[in-house]
Trainee: 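Got a structure for you, written out below as structure tokens; questions coming shortly.
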Number of protein chains: 2
Amino acid sequence: MSRPRDAAATKAALLDAATKLFGERGFDRTTVRDIASLAGVNQALLFRYYGSKDALFATVLATQSRELLEDSPAEHLLRNVLLRMMEEKPRREDHPLYAVLRSSHHDSAAEVVRRQLGEEYARALASLTDAEDAELRADLVLAWVVGIGVLRTVFGKQPLANADAATVASLVTQAASVLLEHTEPG
Amino acid sequence: MSRPRDAAATKAALLDAATKLFGERGFDRTTVRDIASLAGVNQALLFRYYGSKDALFATVLATQSRELLEDSPAEHLLRNVLLRMMEEKPRREDHPLYAVLRSSHHDSAAEVVRRQLGEEYARALASLTDAEDAELRADLVLAWVVGIGVLRTVFGKQPLANADAATVASLVTQAASVLLEHTEPG
DNA sequence: CCCCCATGTAAGCATTCGCTTACATCCGAC
DNA sequence: GTCGGATGTAAGCGAATGCTTACATGGGGG
């Protein structure tokens with residue numbers, strides 16, 4: 001009993017399985033045996049191709065965060081990220097940010113939030129206002145998105161989990177525009 | 001070498017240590033040995049007095065959430081909880097909500113968020129507006145508080161961690177009043 | 001054809017974890 | 001005083017975890 005010999009496919013299967021499981025359960029509650037099993041792969045191959053569970057997790061986060069912000073110009077960033085976070089069914093676990101939000105203790109996760117979201121995203125938002133405390137205001141808006149994601153996906157809060165994506169995006173952008181003293185187009 | 005024989009003090013020391021460690025590291029990354037060691041107590045006593053690690057965690061959450069909302073009338077709830085979440089130094093880990101936010105997978109944590117915050121808190125907020133989707137709007141405000149807490153404490157985001165509490169509370173209540181179509185007194 | 005290395009497998013090692021058990025010791029009731 | 005339960009201690013058990021090692025095997029290059 002042996003897999004077809006295709007290293008690339010094996011690596012990809014491991015990454016996909018890890019993405020799904022880290023997103024569902026977080027880092028601590030996902031075992032390398034679970035990942036290998038879901039991927040249909042011997043667990044020794046996980047270490048051959050990724051070195052360690054930590055390194056695999058870092059790869060998952062890097063892949064996800066690269067995908068998250070790549071195609072949103074500053075003015076539509078809030079709305080786009082919100083829509084993206086709302087659009088999936090509540091329990092679709094392989095969504096960007098889920099692994100991060102469910103693995104908050106892990107150094108890699110905290111680093112992604114601080115670096116990727118905390119700098120790039122916040123900078124884009126801060127550029128939308130010229131208020132004195134623009135940075136703080138941008139972080140407050142960022143906090144909102146994170147909080148919505150946490151309540152919806154991690155804690156399964158019902159009104160947010162069932163809400164219409166466009167309605168939420170509209171309400172949030174409306175209130176955020178007060179903070180940013182800025183009216184988003186669209 | 002033996003502790004003075006005081007069961008109540010031992011129970012309390014275990015609860016204090018557990019509160020601190022669960023808040024700092026979350027449920028998964030806190031071991032019963034760590035708790036007992038910090039409390040200066042033999043770990044077998046943890047099981048004698050609380051039954052299991054899960055039960056101890058549930059006790060911690062129940063104690064914290066009881067304290068959290070006990071003295072805030074509806075109109076000042078948002079501002080009060082915000083101030084309380086902002087008022088501590090960033091790394092003060094035995095603050096209410098921290099254990100919950102750092103242990104999002106645990107059933108007890110999710111239940112506390114849904115029941116305690118998601119019902120009592122959201123209901124109080126929803127009472128402040130008569131908009132059609134009052135419940136959703138209340139949850140959005142709740143999400144904001146949670147997001148601020150997550151970014152500040154779990155991820156250590158700098159602008160939020162250093163911000164002046166009154167400034168944050170003022171900005172948030174200002175934007176939230178747009179959502180709730182309501183002006184908070186004070 | 002056959003060699004050899006990339007790929008895959010099976011087994012297990014060392015550690016840590018939650019929890020239990022068996023025993024020592026203190027202190028109040030009588 | 002002594003007896004018995006409440007309190008504290010030491011040791012370790014069984015399971016799970018991340019990771020390693022030693023071995024099988026298939027398939028492409030010479």
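Naming: A, B, ... by sequence-line order, numbering from 1 per chain.
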Trainee: Give the nucleotide from the list D:dC19, D:dT7, D:dT9 with an atom nearest to the side chain of B:Ala7.
Mentor: D:dT7
Trainee: Kindly point out which of C:dT20, D:dC19, C:dG8 is positioned nearest to the side chain of A:Thr10?
Mentor: C:dG8
Trainee: Rounded to whole Å, how long is the line connecting atom NZ of B:Lys11 with atom C1' of D:dG8?
Mentor: 16 Å
Trainee: Could you check which of D:dT25, D:dG18, C:dT9 has an atom nearest any side-chain atom of A:Ala44?
Mentor: C:dT9
Trainee: Return the orientation label for the B:Phe22 and B:Phe57 ring planes: parallel under 30°, perpendicular over 60°, tilted otherwise.
Mentor: perpendicular
Trainee: If you check the B:Arg5 side chain, which of D:dG26, C:dG18, D:dA6 turns out closest?
Mentor: D:dA6
Trainee: Whether the side chain of A:Tyr50 engages the backbone of A:Lys11 through a donor-acceptor N/O pair (distance < 3.5 Å, no angle test) should be reported.
Mentor: yes
Trainee: Using only heavy-atom distances, determine whether the side chains of B:His106 and B:Asp28 contain a donor-acceptor pair under 3.5 Å.
Mentor: no
Trainee: Heavy atoms from C-beta onward define the side chain here; which of D:dC19, C:dG18, D:dA24 lies closest to that of B:Lys53?
Mentor: C:dG18
Trainee: Round to the nearest Å and state the distance from B:Arg29 atom CZ to C:dG18 atom C1'.
Mentor: 18 Å
Trainee: Pairs in or reaching into residues 129-153 of chain A: which pass ring-ring contact (aromatic ring centres under 6.0 Å, His included), with residues at least two apart or in two chains?
Mentor: A:Trp144-B:Trp144
Trainee: Checking contacts here: which listed nucleotide (C:dA10, C:dT7, D:dG18) is nearest the side-chain heavy atoms of A:Arg48?
Mentor: C:dT7
Trainee: Whole angstroms only, please: what is the CZ-P distance between B:Phe57 and C:dC19?
Mentor: 14 Å
Trainee: Are A:Val146 and A:Val113 packed together at the side-chain level, in the sense that at least one heavy-atom pair is separated by less than 4.5 angstrom?
Mentor: no
Trainee: The side chain of A:Phe47 is closest to which nucleotide in this list: D:dT20, D:dT7, C:dG18?
Mentor: D:dT20
Trainee: Between C:dC17 atom P and B:Leu46 atom CG, what is the distance in whole Å?
Mentor: 14 Å
Trainee: When you measure from the side chain of A:Gln43, which nucleotide among D:dC19, D:dG8, C:dC19 comes out closest?
Mentor: D:dC19
Trainee: Figure out the CG/C1' separation between B:Asp28 and C:dG18, and round it to whole Å.
Mentor: 13 Å
Trainee: Which listed nucleotide (C:dT21, C:dT9, D:dG8) is nearest to the side chain of B:Leu45?
Mentor: D:dG8
Trainee: Counting only side-chain heavy atoms from C-beta out, which of D:dG26, D:dC19, C:dC19 sits nearest to B:Ser52?
Mentor: C:dC19
Trainee: Between A:Thr31 and A:Asn42, which is nearer to the 5' end of DNA chain D once each is assigned its nearest nucleotide?
Mentor: A:Thr31
Trainee: How many Å lie between CZ on A:Arg33 and P on C:dT9, as a whole number?
Mentor: 16 Å
Trainee: Just checking B:Tyr50: base, sugar-phosphate only, or nothing, at a heavy-atom cut-off of under 4.0 Å?
Mentor: nothing
Trainee: Expressed as a whole number of angstroms, how long is the span from A:Tyr49:OH to C:dT9:P?
Mentor: 10 Å
Trainee: Roughly how many Å is it from CG in B:Asp6 to C1' in D:dT7, rounded to a whole number?
Mentor: 10 Å
